[in-house]
Amino acid sequence: DGSVITADEMEYDGNTERGIARKNVVLTDPKQTIKTETLYYDRKGNQAYYDTGGTIIANGSVTYSQKGTYNIATKTINIGGNIQMENDQYTLTGANISQNQVTNIAILSGPTIITNKKNPSNKIYTEDGTYNQNTKEVWLRKNNTIYYNGKTLKAKTMYFNQITGFGTGKDDVTLNDPKENRYIKGGYGEIYEKKDSAMITEKPYAVKILEKDSIYFGAEKFLSYQKPDSSQVKKSFLRAFKKARMFKSNAQARADSLSFNETDGILHLFKSPILWSGEKQVTGDKIEAYFNTSQENIDSLRVIGNAFAISKVDSLNQKDEFNQVKGRLMLVYYKNNEINLAKVIGNAQAITYAEDENQKTKEKTRIGISLSTCGTIEALFEERKIQVIECNIGANIDTYPMSKIADKDRFFPDFNWNTKDRLRKWRDIFLDSPNYPETHYISDNKWYKAAESVREKAKEKEEAKKPKRTRK
């Protein structure tokens, strides 16, 4: 069959057709060369085996193992014990390998690591896999991990192409990025090693681990990638598509999609976004949230197009009293993890509840409601009110006593205080809507109702005084 064995010493039993070769043993055939100090040969079984360590040279790779059995007929070799296989690009270490020297396909059993020589931190781990050394493709089936570019991808079953850098994972997929303190889980994932990007689908979610307060994201699909900026500094991005959700203890958000620049701490919310913070709600065509990366909290918001901020006057009661401010562009600033100041630019409007505080008793008395229309508004969010501290460019501020403003005039036409869809706990990121019971508020405008009653009675009296026409 073309196989030749050479050695310093040989023994052969013609009856059993078995032999032993010792010292400087070399077995060569058209597909490989095996070197060892002791080689056992079974002609009937057409097998050669060693158990004192051997080196296999085949198909451009060199393999060392403690023991090995070579089936000369099938050209299959089973090796085990401190396996180390090397070619010009990769090193493989493992426990047990069965390799067909014709197809150059290896079956991997037990703990196995395939390491990229050029970048040793990029490697593959499995305990059950198939490795095609010709195409550099590997299929993984047990306790699998792909390490690439400082990240790891884990799944029950995986595939990876070492040439293209493309890999997939199915079932219990976890993409971990220790540098960004973030991981993504889902049912299916893809990685693109050369582009340093990944995609996770099938009920995925992401968690940004912070020391004090982690951020949870939900969507139908996630993309994670690295991209250099104009100064060639590599930035890390997380994108979420369709039904994007975000939960943080002091801020929650919903949008059609989101993009998070994790390096700079900038979160973009696209298409009908809504963000809640405490008893305040912010909506617009687009919302940008700027995080203080060192303190791990939101520092400010930028709301672009149809910006609208709503604040409950008193969170302790169920009255339908809400301070409101809106305009084309809104800049919102946080203080002590709460919305503190809003600057509105362009078509700025505000509906705010005005109160007077007794300096001695500190008791507050409702004065009325102020309607403000300006080119720009600067509003301060205090404990129970919004105070318009600046109103510039075509300013017009009217304050009405509660007795002279109807219920409908206490709300802007596009007012939409949303309690049904708000995320109350982190697991709400998995839901299209938590669908919480809508909070029902009580209209308590007794001053207007009383005044309206007086006005109606006065009108009736005036009508009664008018002479009545009679037909003749």
Side-chain angles (χ1 to χ4, degrees), residues 274-284 287 300-303 305-336 338-359 362-419 439 441-449 451-452:
I274 179 168
L275 183 143
W276 297 271
S277 185
E279 290 300 315
K280 302 171 183 69
Q281 174 184 293
V282 178
T283 56
I287 297 176
S300 61
L301 304 175
R302 188 167 184 258
V303 189
N306 296 305
F308 195 168
I310 305 172
S311 174
K312 185 79 169 63
V313 172
D314 189 347
S315 61
L316 300 179
N317 65 40
Q318 295 298 103
K319 296 180 181 179
D320 63 344
E321 297 176 336
F322 297 89
N323 292 307
Q324 303 149 64
V325 60
K326 60 181 293 188
R328 280 203 305 264
L329 173 67
M330 184 183 299
L331 306 176
V332 180
Y333 300 93
Y334 277 69
K335 184 178 180 181
N336 298 326
E338 292 185 354
I339 291 176
N340 175 251
L341 181 70
K343 294 182 179 180
V344 186
I345 302 168
N347 296 334
Q349 301 175 69
I351 295 176
T352 55
Y353 283 73
E355 294 179 333
D356 185 31
E357 184 177 47
N358 187 302
Q359 295 300 315
K362 300 300 180 181
E363 291 184 0
K364 295 179 180 180
T365 305
R366 178 68 51 78
I367 297 173
I369 293 179
S370 295
L371 306 182
S372 306
T373 303
C374 322
T376 63
I377 282 179
E378 191 167 317
L380 183 66
F381 287 76
E382 296 180 330
E383 185 179 353
R384 290 180 54 192
K385 64 180 180 180
I386 293 180
Q387 181 182 351
V388 176
I389 56 178
E390 284 190 20
C391 184
N392 302 315
I393 309 173
N396 182 31
I397 302 177
D398 295 310
T399 301
Y400 297 90
M402 298 302 294
S403 60
K404 290 189 176 181
I405 188 162
D407 285 353
K408 64 180 180 63
D409 297 324
R410 294 188 292 118
F411 304 94
F412 286 122
D414 51 348
F415 176 90
N416 181 23
W417 180 255
N418 189 331
T419 58
T439 303
Y441 296 97
I442 303 167
S443 178
D444 185 26
N445 200 350
K446 53 182 178 291
W447 299 279
Y448 178 79
K449 291 178 180 178
E452 189 69 7

Check your understanding: Hey, is the main chain of Phe412 close enough, under 3.5 Å, to the side chain of Gln324 for a donor-acceptor pair?
Key -> yes

Check your understanding: With distance as the sole test, does Gln281 use its side chain to make a donor-acceptor pair with the main-chain N or O of Asn416 at under 3.5 Å?
Key -> yes

Exercise for review: Could you check Asn323, Asn317, Asp320 and say which one makes a side-chain hydrogen bond (donor to acceptor under 3.5 Å, both in side chains) with Lys312?
Suggested key: Asn317

Practice item. Going by the side chain to side chain contact (heavy atoms under 4.5 Å, CB included) test, name the single residue among Thr419, Asn418, Thr283, Ile310 that passes it with Trp276. Key: Asn418

Residue pair [X] / [Y], side-chain heavy-atom distance below 4.5 Å:
{"X": "Thr376", "Y": "Lys343", "answer": "no"}
{"X": "Tyr334", "Y": "Leu301", "answer": "yes"}
{"X": "Leu331", "Y": "Arg302", "answer": "yes"}
{"X": "Asp414", "Y": "Lys326", "answer": "yes"}

Review point. Taking everything shown except Glu338 itself, do over 12 heavy atoms lie less than 6.0 Å from its CD?
Key: no

Point-to-point distance, once rounded to the nearest 0.5 Å, from [atom1] of [X] to [atom2] of [Y]:
{"X": "Ile442", "Y": "Gln318", "atom1": "CD1", "atom2": "CD", "result": "6.5 Å"}
{"X": "Asn306", "Y": "Arg328", "atom1": "CG", "atom2": "CZ", "result": "10.5 Å"}
{"X": "Leu371", "Y": "Thr399", "atom1": "CG", "atom2": "OG1", "result": "8.0 Å"}
{"X": "Asn396", "Y": "Gln349", "atom1": "CG", "atom2": "CD", "result": "10.5 Å"}
{"X": "Ile339", "Y": "Leu341", "atom1": "CD1", "atom2": "CG", "result": "10.5 Å"}
{"X": "Asn340", "Y": "Ser277", "atom1": "CG", "atom2": "OG", "result": "11.0 Å"}

Review point. Can Tyr353 and Ile369 be said to form a side chain to side chain contact (heavy atoms under 4.5 Å, CB included), step by step?
Key: CA-CA 5 Å; Tyr353 283 73; Ile369 293 179; 3.6 Å; yes

Considering all heavy atoms, the nearest [X]-[Y] contact:
{"X": "Val325", "Y": "Met330", "result": "O-CE, 3.5 Å"}
{"X": "Val344", "Y": "Gly327", "result": "CG1-CA, 3.5 Å"}
{"X": "Ile287", "Y": "Val282", "result": "CD1-O, 3.6 Å"}
{"X": "Ala354", "Y": "Ser370", "result": "CB-OG, 4.2 Å"}
{"X": "Asp409", "Y": "Ile351", "result": "O-CD1, 4.0 Å"}
{"X": "Gly284", "Y": "Val303", "result": "CA-CG1, 3.8 Å"}

Check your understanding: So Tyr441 and Glu321, side chain to side chain contact (heavy atoms under 4.5 Å, CB included) or not? Walk me through it.
Key -> CA-CA 9 Å; Tyr441 296 97; Glu321 297 176 336; over 6 Å; no

Check your understanding: Taking the inter-plane angle between the rings of Phe308 and Phe415 on a 0 to 90° scale, is it parallel (under 30°), tilted (30 to 60°) or perpendicular (over 60°)?
Key -> perpendicular

